[in-house]
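All ligand and atom numbering here is 1-based and tracks the order in the structure.
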Amino acid sequence: MGATVTSGTEHEAKSFAEEALRLSGKTEEEARRTGAMDKADEQVESMFAAQYQTANSPVHRAVWERSLPLDLFAPPPLPKEAPCDSAMNRCLEIVRRRRVANDLVDEKGKLSQSLFDELAAAGYWGMLIETQYGGQSAPFARFSRFLAQVSTYDPMTAGLASVHGCIGAVDPVRTFGNPEQKSRFLPKLANGQALSAFALTEPCAGSDLTALRTTAVLAGDHFEVTGEKLFITNAIPGRMIGLVVMLDGKPAVLIAELPKTEDEHFRIVPYGLHALKNAYNNGLRFNRFQVPKANLLVPPLGDGLTIAYHGLNLGRIALCANASGTMRIMLANMLPWAEFRRTYGQAINTRELVKRRIARMAALIAGSDALVTWCSWLIDQGYRGELECVVAKIFGSEALKEAAIELFMKTHGGRSFLHGHILGDNIYDFLAPCIYEGEGEMLGLAFFKTLVKQHARTFFEPIGKALQRANIRNPNLLNPMHAWVLRREMAAYARWSLGQKLSSRNHQGLPTLKAGFDDHVRFALKLFNGFAGELSGTMSRHQLKLADRQCRMAELSQRVQDTVVLLVTALWGNQQQNETAALAADFLCQDLERKLTGKRPTDSYFRSAGKLADLIISGGYEELAGAPQAEILMKYENR
Ligand SMILES: Cc1cc2nc3c(=O)[nH]c(=O)nc-3n(C[C@H](O)[C@H](O)[C@H](O)COP(=O)(O)OP(=O)(O)OC[C@H]3O[C@@H](n4cnc5c(N)ncnc54)[C@H](O)[C@@H]3O)c2cc1C
């Protein structure tokens with residue numbers, strides 16, 4: 001898993017959020033629930049060696065430290081070869097061949113069992129599993145690149161590899177299983193005999209995971225599970241699922257093997273779902289459903305949410321890789337259409353508006369690729385990647401949504417809505433990633449909270465505690481009594497604040513970068529210089545009411561995220577040999593700079609869009625190779 005288990009002690013002190021919520025008049029219940037979530041998060045944290053924990057992650061250091069660790073934003077190239085490559089190549093060939101032969105789905109329109117079996121024989125389901133259990137031991141950076149390639153052929157097939165390997169049973173068992181559980185489950189998961197899913201969401205618990213109600217009760221040598229799960233991808237009878245339950249009042253994960261047929265203890269709850277049309281997504285109802293006691297995963301620290309959070313980080317990178325492949329399909333289908341479609345006597349691919357869309361699509365692909373490469377490398381290095389994976393998830397899902405609606409749909413006009421058109425047939429699949437694995441804005445708030453947590457602990461929590469001790473609910477520093485109560489805490493904060501203002505940040509090791517990228521990197525560094533003061537100022541301004549200032553937190557979170565994307569994409573673009581990929585990265589950086597400054601686009605920006613689009617139109621983007629091209633609908637004689 002790349003993480004090192006440490007023997008850190010559990011935090012006894014109430015978390016900042018819990019304290020803040022309580023003091024700001026929230027109910028005890030809300031404070032308790034938020035505290036429980038924080039605790040689970042901290043327990044995941046303590047599984048990683050100090051150097052890989054969030055406070056030492058690239059994003060956290062870039063915001064809070066004096067010197068930005070640029071080398072942690074620019075991963076080295078992947079080794080040319082790895083033992084897992086041959087299995088990956090076999091799998092790619094299977095998906096490509098079946099897609100060309102229109103042989104991916106069965107008569108119900110779902111990815112077929114024969115596809116799963118053929119992929120199983122080629123090693124598809126065991127990519128992340130160690131060779132000793134029959135898997136391919138693929139490093140995550142190779143796996144995520146592979147997923148982007150599979151998505152370019154078929155996004156749903158790639159999506160199921162991520163469900164199985166990242167959030168399904170594979171990651172929980174690999175990371176948290178005991179030796180007996182590993183040898184019992186991993187071989188079946190690797191050879192495809194057991195395909196897996198992850199069952200967390202419930203009708204009452206999606207964004208709010210503290211509301212989980214499915215319970216497990218020990219009865220002899222098994223647990224009896226009662227409750228209902230909702231929206232579970234790849235969940236059908238016979239699957240192996242990572243099942244999140246409440247056990248003795250705490251979340252826990254059981255590895256449950258669903259029976260081959262429904263019975264009075266286990267029922268599928270079917271419903272119509274527009275998204276993921278080529279896969280199964282079902283509700284699951286359990287009534288004293290038996291799971292062997294030996295199937296309980298026991299993390300070294302924490303509880304079931306510790307396990308859930310771990311897999312979700314990998315799933316978020318996989319989601320971004322999937323978005324990258326899917327946008328390649330969109331771009332590969334925009335090009336022939338924009339060449340064919342003529343209005344006012346000219347192909348629309350000669351028009352500036354359409355060219356800008358082509359350039360923007362390539363830019364979004366570049367940004368996704370850069371983030372996937374970077375985050376996967378961090379995971380392989382051993383980082384937890386909490387902040388970084390959220391950036392990739394939000395960027396990938398928002399990019400896909402923009403690509404579908406603003407670029408693909410608009411360029412295809414009315415035909416977008418015809419049956420048989422890629423947009424109309426898949427629009428829900430293009431939008432759903434904004435919701436699953438954490439809705440984007442909710443994740444943005446979590447990003448903010450994670451980013452400011454240590455600073456809050458160091459400077460604001462002591463202030464809150466001093467106020468609590470003195471029973472002051474509305475502090476006012478002009479009140480001499482209040483100022484006296486807070487004198488030590490305020491002095492510590494004032495020292496930090498003064499240090500920020502007086503000392504300039506240095507960015508050691510700024511490498512020699514190609515023209516353009518050098519400017520982008522310097523621009524990102526300049527913004528990073530200001531974030532610590534900006535974040536701290538916001539905390540200081542809103543104090544204990546900050547938890548209610550969601551829009552401000554979301555806005556600040558987005559600014560930091562955009563700056564991270566800008567920096568990562570600029571450094572990635574600088575490394576690209578392919579001119580189109582480099583120009584696409586540059587174009588995204590220009591867009592992000594304008595977004596961050598609010599400046600209007602220049603004429604030279606529009607020219608750069610045209611230049612990039614012309615290069616792509618003339619076939620200079622090899623990244624699109626292998627993407628399926630649908631027939632142009634409602635063709636007419638074109639003269
Ligand atoms: C296609 C698809 C596949 C899925 N696959 C799986 C799967 O395999 N396994 C699984 O366990 N789950 C799965 N899910 C569930 C998914 O993870 C949840 O839908 C998601 O986490 C959001 O939960 P929810 O739908 O209950 O939203 P709700 O909790 O009902 O929230 C709705 C919205 O309200 C807002 N909101 C909620 N709380 C707050 C707050 N405190 N402050 C501000 N705004 C708030 C947010 O905008 C949020 O998006 C899937 C969902 C979909 C659509």
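The nearest protein atom to atom 8 (O) of ligand 1, hydrogens excluded, is given as Thr233 N, 3.0 Å; this is a heavy-atom distance. Counting protein heavy atoms only, atom 49 (O) of ligand 1 is closest to Glu439 CG, 3.1 Å. Remark: minimum distance from atom 9 (N) of ligand 1 to any protein heavy atom is reached at Phe198 O, 2.8 Å. Nearest protein neighbour of atom 27 (O) of ligand 1, counting heavy atoms only, is Ser207 OG, 3.7 Å. When hydrogens are left out, the protein atom nearest atom 24 (P) of ligand 1 is Gly206 CA, 3.9 Å; that is the closest non-hydrogen contact.
In terms of N/O distances under 3.5 Å, ligand 1 is not approached by Leu273. Between Thr201 and ligand 1, at least one N/O pair is under 3.5 Å apart. Below 3.5 Å of separation, one finds an N or O of Phe231 facing an N or O of ligand 1. The shortest N/O to N/O separation between Ala199 and ligand 1 does not fall below 3.5 Å.
Annotation: cation-pi pair Lys277/Tyr428 absent, no NZ/CZ under 6.0 Å from the ring centroid and within 45° of its normal.
When all heavy atoms are compared, the tightest approach of Ser112 to Arg98 is OG-NH1, 3.8 Å. For the residue pair His455 and Ser536, the shortest heavy atom distance occurs at NE2-OG, 2.8 Å. The two residues Ser196 and Ala169 make their nearest non-hydrogen contact at OG-N, 2.9 Å.
Side-chain atoms of Lys293 and Phe223, non-hydrogen and from C-beta on, do get closer than 4.5 Å to each other. Side chains of Ile329 and Pro628 form a contact here, defined as non-hydrogen atoms less than 4.5 Å apart. Under the 4.5 Å side-chain criterion, counting only non-hydrogen atoms from C-beta, Cys91 is in contact with Met127.
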TODO: Would you sort out whether Asp171 and His310 count as a side chain to side chain donor-acceptor pair (under 3.5 Å), showing the intermediate values?
DONE: CA-CA 8 Å; Asp171 184 69; His310 192 274; 2.8 Å; yes

Task: Working for side chain to side chain donor-acceptor pair (under 3.5 Å), residues Arg559 and Thr563 - done: CA-CA 6 Å; Arg559 280 180 67 76; Thr563 311; over 6 Å; no

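When heavy-atom distances to ligand 1 are checked against a 4.0 Å cut-off, Glu441 has no atom that comes that close, whether in backbone or side chain. In Asn281, the part holding a heavy atom less than 4.0 Å from any atom of ligand 1 is the side chain. Of the heavy atoms in Met442, only side-chain atoms (C-beta onward) come closer than 4.0 Å to ligand 1.
With respect to Glu257 and Lys188, a salt bridge is recorded, a charged nitrogen being found less than 4.0 Å from a carboxylate O.
Remark: of the listed residues Val390, Leu312, Leu200, Leu443, Leu312 is the sole one forming a side chain to side chain contact (heavy atoms under 4.5 Å, CB included) with Glu437.
Below 4.0 Å from some heavy atom of Glu437 lie the following atoms of ligand 1, by number and element: 17 (O). Heavy-atom proximity to Leu276, at under 4.0 Å, picks out these atoms of ligand 1: 1 (C), 3 (C). Those atoms of ligand 1 that come under 4.0 Å of a heavy atom in Ile232, given as number and element, are 7 (C), 8 (O), 9 (N), 10 (C), 11 (O). Atoms of ligand 1 lying under 4.0 Å from any heavy atom of Ile435, numbered from 1 in the order shown and given with element: 19 (O), 20 (C). Each of the atoms 42 (N), 43 (C) of ligand 1 lies under 4.0 Å from some heavy atom of Gln550.
Taking a distance limit of 4.0 Å, we find that atom 35 (C) of ligand 1 is approached by no protein heavy atom. Per-atom contact check: atom 1 (C) of ligand 1 touches the protein, criterion being a heavy-atom distance below 4.0 Å. For atom 30 (O) of ligand 1, the nearest protein heavy atom lies 4.0 Å away or farther.
In the displayed structure, Glu228 atom CD is contacted under 6.0 Å by more than 12 heavy atoms of other residues, nucleotides or ligands.
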